[in-house]
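Heads up: the structure comes next, in structure tokens.
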There are 2 protein chains.
Amino acid sequence: MTRFSGPEDSPGFLLWRVTLAWQRAMRAALAPHDLTHVQFVLLASLWWLVNHGGAPSQQRLAEHAGTDPMMTSQVLRKLADRALVSREVDPADSRARLLSLTPEGKALVAKAMKDVEDADVAYFAGLGDEQQAFVRGLTRLL
Amino acid sequence: MTRFSGPEDSPGFLLWRVTLAWQRAMRAALAPHDLTHVQFVLLASLWWLVNHGGAPSQQRLAEHAGTDPMMTSQVLRKLADRALVSREVDPADSRARLLSLTPEGKALVAKAMKDVEDADVAYFAGLGDEQQAFVRGLTRLL
DNA sequence: CACATACTATATGCGCGCTTACTAAGGCGC
DNA sequence: GCGCCTTAGTAAGCGCGCATATAGTATGTG
């Protein structure tokens, strides 16, 4: 029983805490842009999807970003309120909303992307040459 | 720009998604015990601290578990409502609450611990012999 | 065409993770 | 004793992450 310094040096417990720390780093990097982590993920994913096949629905965006469809709906409405994205009704399917970035959204995501990438690189710099092995492990778990 | 299959095969993005998946596995493992992940972490950490130095305060528990003190307070009150922990006022410092597990709490954490460890082992089994390297990476990032 | 089925999006609600602000009590210098 | 700073805990509130339920539309089958 004494081999535990917490109840958990289980991989999962470490994973959890590392992710929380990483999210704090992301929050700090995104704060100047007035974006949360999920907002940025959705904007960036939307930017990519628009550039690779045209305006997606909320479903497709959520699937691509790995976000919950429910929350994706909420966040997109807030982003639409801020005029960062537009949510046009799909003429071919009046249930769906076709998403696209407004010019302001495009500009914001471009600026934020740089800070996020810098913060990401800085956060994982401590891994040194083990970074590739680490990423391989993550990919295997996904 | 085309090197991204999302805006992110950044390590952080992978880390985030892996952790979400791991948390779902934990949720499933803990659901039969009517515990959330954080509730379990606090119970398990409390169990360890009580066995290594006596009843801790909420602060000490939060620090040890790596949880937010605010949320720790909320969760502990709910656990106390369920008679899984007790929160006695510290006679030496009337601001602080000395925490301990009730017999029900001890029994529950013992049962839940087994399921959590099994789920954890199962989740990381896919890493095979790279598991140690992965955990080393996590530790380095913490 | 009518009906059943499936799908897109939303409303509601709970628990976490964190921020800001507050109360109350301890410790310290004097 | 008296201020001052620190510390333990709580209150209120925002944004995720998810489960459940519902409205409305599209599609397939008769």
Side-chain angles (χ1 to χ4, degrees), chain A residues 13 16-31 33-43 55-82 85 87-99, chain B residues 13 16-28 30-31 33-43 45 55-82 85 87-99:
Chain A
F13 187 69
W16 177 55
R17 296 191 53 167
V18 168
T19 300
L20 287 179
W22 176 80
Q23 291 213 58
R24 281 191 289 271
M26 288 302 107
R27 218 184 334 272
L30 285 167
H33 304 288
D34 228 333
L35 287 175
T36 66
H37 174 222
V38 170
Q39 287 170 356
F40 170 76
V41 167
L42 290 178
L43 283 178
S57 68
Q58 293 187 174
Q59 292 279 319
R60 186 182 298 276
L61 176 59
E63 183 188 0
H64 185 262
T67 54
D68 180 67
M70 201 66 35
M71 196 200 48
T72 303
S73 171
Q74 287 179 24
V75 172
L76 284 172
R77 273 173 281 165
K78 290 208 176 156
L79 293 175
D81 289 346
R82 289 171 62 185
V85 306
R87 297 166 65 246
E88 306 290 333
V89 172
D90 187 342
D93 184 343
S94 60
R95 297 170 302 177
R97 303 285 198 144
L98 292 184
L99 304 171
Chain B
F13 187 69
W16 175 56
R17 296 192 51 169
V18 168
T19 299
L20 287 179
W22 175 79
Q23 291 212 57
R24 281 191 288 271
M26 288 302 107
R27 218 186 332 272
L30 285 167
H33 304 287
D34 229 330
L35 286 175
T36 66
H37 173 223
V38 170
Q39 287 170 355
F40 170 77
V41 167
L42 290 179
L43 284 178
S45 294
S57 67
Q58 292 187 176
Q59 291 282 320
R60 186 183 299 275
L61 175 59
E63 184 187 359
H64 184 263
T67 53
D68 179 67
M70 200 67 32
M71 196 201 49
T72 303
S73 170
Q74 287 179 24
V75 172
L76 284 172
R77 274 174 282 165
K78 289 208 177 156
L79 294 176
D81 289 346
R82 288 171 62 185
V85 305
R87 295 167 67 247
E88 306 290 333
V89 172
D90 186 342
D93 183 344
S94 60
R95 295 171 304 177
R97 303 286 199 146
L98 291 184
L99 304 171

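Below, chain A is the first sequence line, B the second, and so on; all start at residue 1. Quick note: numbers below take in every heavy atom, side chains included, and nothing from hydrogens, waters or symmetry partners.
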### Message
Among residues at least two apart in sequence or on other chains, which ones pass salt bridge (charged side-chain N to carboxylate O under 4.0 Å, His left out) with Arg95(B)?
### Response
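Partners of Arg95(B) under the salt bridge (charged side-chain N to carboxylate O under 4.0 Å, His left out) test: Asp93(B).
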#### Entry: First-last contacting nucleotides on DNA chain D - partner chain A, under 4.0 angstrom, heavy atom
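From 5' to 3', the first and last contacting nucleotides are dG15(D) to dA26(D).
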### Query
Do any side-chain nitrogens or oxygens of Thr67(B) fall under 4.0 Å of OP1 or OP2 in dG17(C)?
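Answer no for this pair, as no side-chain N or O of Thr67(B) is under 4.0 Å from OP1 or OP2.
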### Message
Under 4.0 Å from OP1 or OP2 of dT10(C): is there any side-chain N or O of Gln58(A) that close?
### Response
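Checking Gln58(A) against dT10(C): at least one side-chain N or O falls below 4.0 Å of OP1 or OP2.
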Nearest-Å distance for atom pair [atom1]/[atom2], residues [X] and [N]:
| X | N | atom1 | atom2 | result |
| --- | --- | --- | --- | --- |
| Asp81(B) | dG15(C) | CG | C1' | 15 Å |
| Leu42(B) | dG17(C) | CG | C1' | 13 Å |
| Met70(B) | dG15(C) | CE | C1' | 16 Å |
| Met71(A) | dT12(C) | CE | P | 19 Å |
| Leu99(A) | dT10(C) | CG | C1' | 15 Å |
| Asp68(B) | dT20(C) | CG | C1' | 12 Å |
| Gln39(B) | dC14(C) | CD | P | 14 Å |

### Task
Please list, chain by chain and in numerical order, all residues satisfying side chain to side chain contact (heavy atoms under 4.5 Å, CB included) with Met71(A), sequence neighbours excluded.
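Val38(A), Thr67(A), Asp68(A), Val75(A).
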### Message
Which residues pass the side chain to side chain contact (heavy atoms under 4.5 Å, CB included) test with Ala25(B), not counting sequence neighbours?
### Response
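Partners of Ala25(B) by the side chain to side chain contact (heavy atoms under 4.5 Å, CB included) criterion, ordered by chain and then number, come out as Tyr123(B).
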### First encountered from the 5' end of DNA chain D, between His37(A) and Ala92(A)
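Final value for this comparison: His37(A).
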Measure all distances between protein nitrogen or oxygen atoms and nitrogen or oxygen atoms of nucleotides 2-7 of chain C, and list the pairs falling under 3.5 Å.
from   : atom 1 : to       : atom 2 : distance (Å)
dC7(C) : O2     : Arg95(A) : NH1    : 2.6

### Query
Less than 4.5 Å apart, any side-chain heavy atom of Leu98(B) and any of Val89(B)?
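With C-beta onward as the side chain, the pair stays apart.
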### Query
Take atom CZ in Arg60(B); do more than 12 heavy atoms of anything else shown fall under 6.0 Å from it?
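No, the 6.0 Å shell around CZ holds no more than 12 heavy atoms from other groups.
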### Message
Expected output is a numbered-order residue list: members of residues 17-28 of chain A with a heavy atom under 4.0 Å from any atom of DNA chain C. What is it?
### Response
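Within residues 17-28 of chain A, the residues near DNA chain C are Leu20(A), Arg24(A), Arg27(A).
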[X]: what forms a side-chain hydrogen bond (donor to acceptor under 3.5 Å, both in side chains) with it, not counting sequence neighbours?
| X | result |
| --- | --- |
| Trp16(A) | none |
| Arg24(A) | none |
| Arg87(A) | Gln58(A) |
| Ser57(B) | none |

### Query
If you look at every strand shown and take non-hydrogen atoms under 4.0 Å, does Arg60(A) touch a base, only sugar-phosphate, or nothing?
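Touches nothing.
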### Main-chain N/O of Thr36(A) paired with Gln39(A) side-chain donor or acceptor, under 3.5 Å
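Yes, because the side chain of Gln39(A) sits within donor-acceptor range (under 3.5 Å) of the backbone of Thr36(A).
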### Donor-acceptor pair, side chain of Arg17(A) and main chain of Phe13(A), under 3.5 angstrom
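Checking the backbone N and O of Phe13(A) against the side chain of Arg17(A), no donor-acceptor pair under 3.5 Å is found.
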### Query
For DNA chain C, whose closest nucleotide is more 5', that of Gln74(A) or that of Val38(B)?
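Result of the comparison: Gln74(A).
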### Task
Go through Leu35(B) and Arg82(B) one step at a time and tell me if the side chain to side chain contact (heavy atoms under 4.5 Å, CB included) criterion holds.
CA-CA 11 Å; Leu35(B) 286 175; Arg82(B) 288 171 62 185; 4.0 Å; yes
### Task
Taking only the side-chain heavy atoms of Ser73(A) (C-beta and beyond), determine which of dG26(C), dG15(C), dA9(C) contains the nearest atom.
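Ranking dG26(C), dG15(C), dA9(C) by closest atom to the Ser73(A) side chain puts dA9(C) first.
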